[in-house]
Amino acid sequence: MTTTALSKNCVDASEIRTRFCAALSAMYRAEVPLYADLLDIVARVNAGAVTAAPTPARVEIERHGAIRVGTAAELAMMGRAFAVMGMAPVGYYDLAPAGVPVHSTAFRPVEEAALARNPFRVFCSLLRLELIADPALRAEASAILDARRIFRPEAVTLIERHETQGGLDEADADAFVAALLETFRWHEEMLVDRETYERLVASHRLVADIVAFRGPHINHLTPRTLDIDAAQEAMRAQGLEIKDSIEGPPRRAIPILLRQTSFKALSESVRFAGDAGAPGQHTARFGEIEQRGAALTPKGRALYDALLAQASAGDAAQPYTERLAQAFIAFPDDLETLASEGLIYVRRMGDMLEPLTYEDFLPVSAAGIFQSNLGNEQRETYGGQSSQAEFEAALGRTVLDPFALYAAMAEG
Ligand code: OOG
Ligand code: NI
């Protein structure tokens with residue numbers, strides 16, 4: 001078969017991504033009914049926020065999700081699966097300094113047309129087994145992970161077919177979406193018994209979330225809101241147990257990076273291996289909302305980091321939101337200055353300045369999300385080296401540099 005013959009019948013990668021995202025959303029709504037409530041709230045807030053402007057079709061569509069895998073082989077196959085959907089690994093996030101024994105990347109579309117079609121991205125973390133302190137538990141966890149198979153054989157076959165043919169036809173694309181979806185499904189039946197589960201939790205709750213299960217269940221999905229402050233109030237009013245404050249920068253005239261908030265992780269029932277008794281409880285899955293702003297240049301990012309650090313180090317008696325707002329007075333808040341000082345990426349359309357949207361994640365914020373959803377009991381951090389090289393060796397390729405991608409889009 002020639003490439004031309006195939007490309008006529010083959011489904012566009014963005015279309016496969018869109019189908020997968022829709023299937024994942026439907027599955028997660030069914031698995032976590034509170035998430036369906038969250039989508040309703042966001043739809044209501046978005047409808048209120050766009051009354052003046054024409055309403056885009058379902059703006060509150062999911063913008064990101066997150067998963068956590070256990071081994072290099074799982075990560076490498078995950079990377080190949082995302083490639084079928086036009087998603088490449090962008091950026092390296094080391095969560096160890098925040099007390100979480102994983103490192104991560106974001107799989108996302110990188111080209112402008114693909115981002116415009118559907119910017120859906122997935123934060124994917126890899127367990128760092130070497131950060132499990134007890135050598136016996138580390139060996140046990142490693143053996144459990146090596147024995148599990150998180151991908152359906154059909155999914156692997158279709159990934160390979162995609163690689164050799166350069167695409168998938170209609171029937172194969174749908175079969176791929178259905179088979180890959182199984183990897184993200186929740187499994188109530190654990191791989192381990194109660195005693196092992198408890199030892200894993202004692203090492204770190206996240207270690208248990210990765211090692212004890214048959215697969216890397218999607219742990220949250222995040223729709224977009226047009227007004228995160230209003231959405232947060234609406235979540236609170238509806239009785240959702242939400243985080244104290246919105247993560248990221250404060251509310252501004254020109255939004256930067258992203259702001260996000262979530263409802264706390266649910267307690268869900270699980271069944272331990274070889275245990276016919278009462279089910280146990282596991283806390284992992286939640287729902288989150290986000291609002292995105294302009295992508296920061298390295299200079300803008302350095303200023304952002306400095307102001308965030310200043311706000312965190314401020315007077316603890318003063319509410320964090322106030323400290324944050326005060327610190328960010330030093331961050332210009334009009335397009336001309338942001339552009340002329342080189343703090344954000346922009347494009348000039350005639351006389352008009354257009355900021356480029358931030359398409360990635362906040363490292364600090366990501367850590368906050370992990371922590372707040374795990375309960376605040378595990379705050380100690382891990383020492384040791386950040387190891388992008390090890391992560392890339394596991395993935396089987398290098399990750400792309402987000403700043404380089406924005407710079408190219410700003411010029412292009
Ligand atoms: C991923 C946390 C990162 C975000 O929005 O910053 C993330 C996880 O909990 O596995 O999704
Ligand atoms: Ni998230």
Side-chain angles (χ1 to χ4, degrees), residues 21 24-25 28 32 35 38-39 42 60-70 74-75 78 82 87 89-108 119-128 150 183-184 186 204-213 215-225 228 231-232 235 242-243 245-249 257-266 268 282-293 304 308 357-376 378 391 399 402:
C21 178
L24 195 59
S25 176
Y28 200 57
V32 180
Y35 176 67
L38 177 70
L39 278 180
V42 173
E60 62 281 358
I61 192 165
E62 282 75 11
R63 289 322 207 249
H64 81 255
I67 50 166
R68 304 152 183 168
V69 299
E74 290 178 357
L75 179 68
M78 200 57 94
F82 282 122
M87 298 157 85
V90 179
Y92 172 74
Y93 301 78
D94 182 10
L95 281 297
V100 182
V102 303
H103 46 184
S104 323
T105 192
F107 288 101
R108 67 164 175 90
F120 183 63
R121 44 187 92 70
V122 175
F123 194 85
C124 181
S125 301
L126 172 65
L127 176 63
R128 289 176 72 181
I150 66 168
T183 300
F184 293 74
W186 174 254
H204 196 293
R205 192 169 283 281
L206 211 86
V207 171
D209 187 57
I210 297 170
V211 177
F213 289 85
H217 40 256
I218 177 89
N219 70 57
H220 70 283
L221 280 176
T222 305
R224 170 191 181 196
T225 173
I228 196 165
Q232 193 197 32
M235 283 162 79
I242 56 171
K243 307 187 55 182
S245 53
I246 293 171
E247 307 215 27
L257 293 180
L258 77 153
R259 303 179 69 211
Q260 48 186 33
T261 190
S262 57
F263 65 72
K264 298 240 165 105
L266 309 167
E268 297 179 89
H282 179 74
T283 313
R285 304 198 302 161
F286 59 101
E288 181 185 56
I289 55 176
E290 69 174 33
Q291 185 174 2
R292 285 181 182 263
Y304 171 82
L308 206 60
T357 302
Y358 186 61
E359 305 291 353
D360 294 286
F361 291 82
L362 298 176
V364 180
S365 172
I369 289 284
F370 272 105
Q371 286 296 354
S372 57
N373 285 290
L374 295 170
N376 292 333
Q378 285 163 318
F391 183 86
V399 300

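Position 1 is the first residue of the sequence; numbering continues from there. Counting convention: from 1, in listed order, for ligands and their atoms alike.
The shortest N or O to N or O distance between S125 and ligand 1 is not below 3.5 Å.
A side chain to side chain donor-acceptor pair (under 3.5 Å) with E359 is found for one member of R121, R292, R63 and no other, namely R121.
The heavy atom nearest to atom 11 (O) of ligand 1, out of those in R63, H220, R68, is found in H220. In this structure, of F123, Y93, F361, the residue bringing a heavy atom nearest to atom 1 (C) of ligand 1 is F123.
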Exercise. Can you check side chain to side chain donor-acceptor pair (under 3.5 Å) on Q291 and T225, steps first, answer last?
Worked result: CA-CA 6 Å; Q291 185 174 2; T225 173; 5.8 Å; no
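Within the listing of ligand 1, atoms 1 (C), 8 (C), 10 (O), 11 (O) sit less than 4.0 angstrom from a heavy atom of A66. Every atom of ligand 1 is numbered from 1 in the order shown, and the set under 4.0 Å from a heavy atom of E288 is 5 (O). Proximity to N219 (heavy-atom distance under 4.0 Å) selects the following atoms of ligand 1: 8 (C), 9 (O), 10 (O). For ligand 1, the atoms sitting less than 4.0 Å from at least one non-hydrogen atom of Q260 are 4 (C), 5 (O), 6 (O), numbered in the order shown with element in parentheses. Near H64, the atoms of ligand 1 lying under 4.0 angstrom from a non-hydrogen atom of the residue are 4 (C), 5 (O), 11 (O).
With salt bridges taken as basic N to acidic carboxylate O contacts below 4.0 Å, none links R285 and D209. Looking at R259 and E288, no side-chain N of the basic residue comes within less than 4.0 Å of a carboxylate O on the acidic one, giving no salt bridge.
Side-chain rings of Y28 and H220 stay apart, their centers remaining 6.0 Å or farther from each other. Taking the six-membered ring wherever Trp is involved, the centroid distance between the rings of F361 and H64 falls below 6.0 Å. Taking the six-membered ring for Trp and the full ring otherwise, Y92 and H103 have centroids separated by under 6.0 Å. F286 has its ring centre no less than 6.0 Å from the ring centre of Y35.
Atom NE2 is the N, O or S atom of H64 at the shortest distance from the Ni ion (ligand 2).
Here E290 has no heavy atoms under 4.0 Å from ligand 1, in either its backbone or its side chain. Proximity of L362 to ligand 1, defined as any heavy-atom pair under 4.0 Å, is not found for any part of the residue.
The Ni ion (ligand 2) lies under 2.8 Å from an N, O or S atom belonging to E288.
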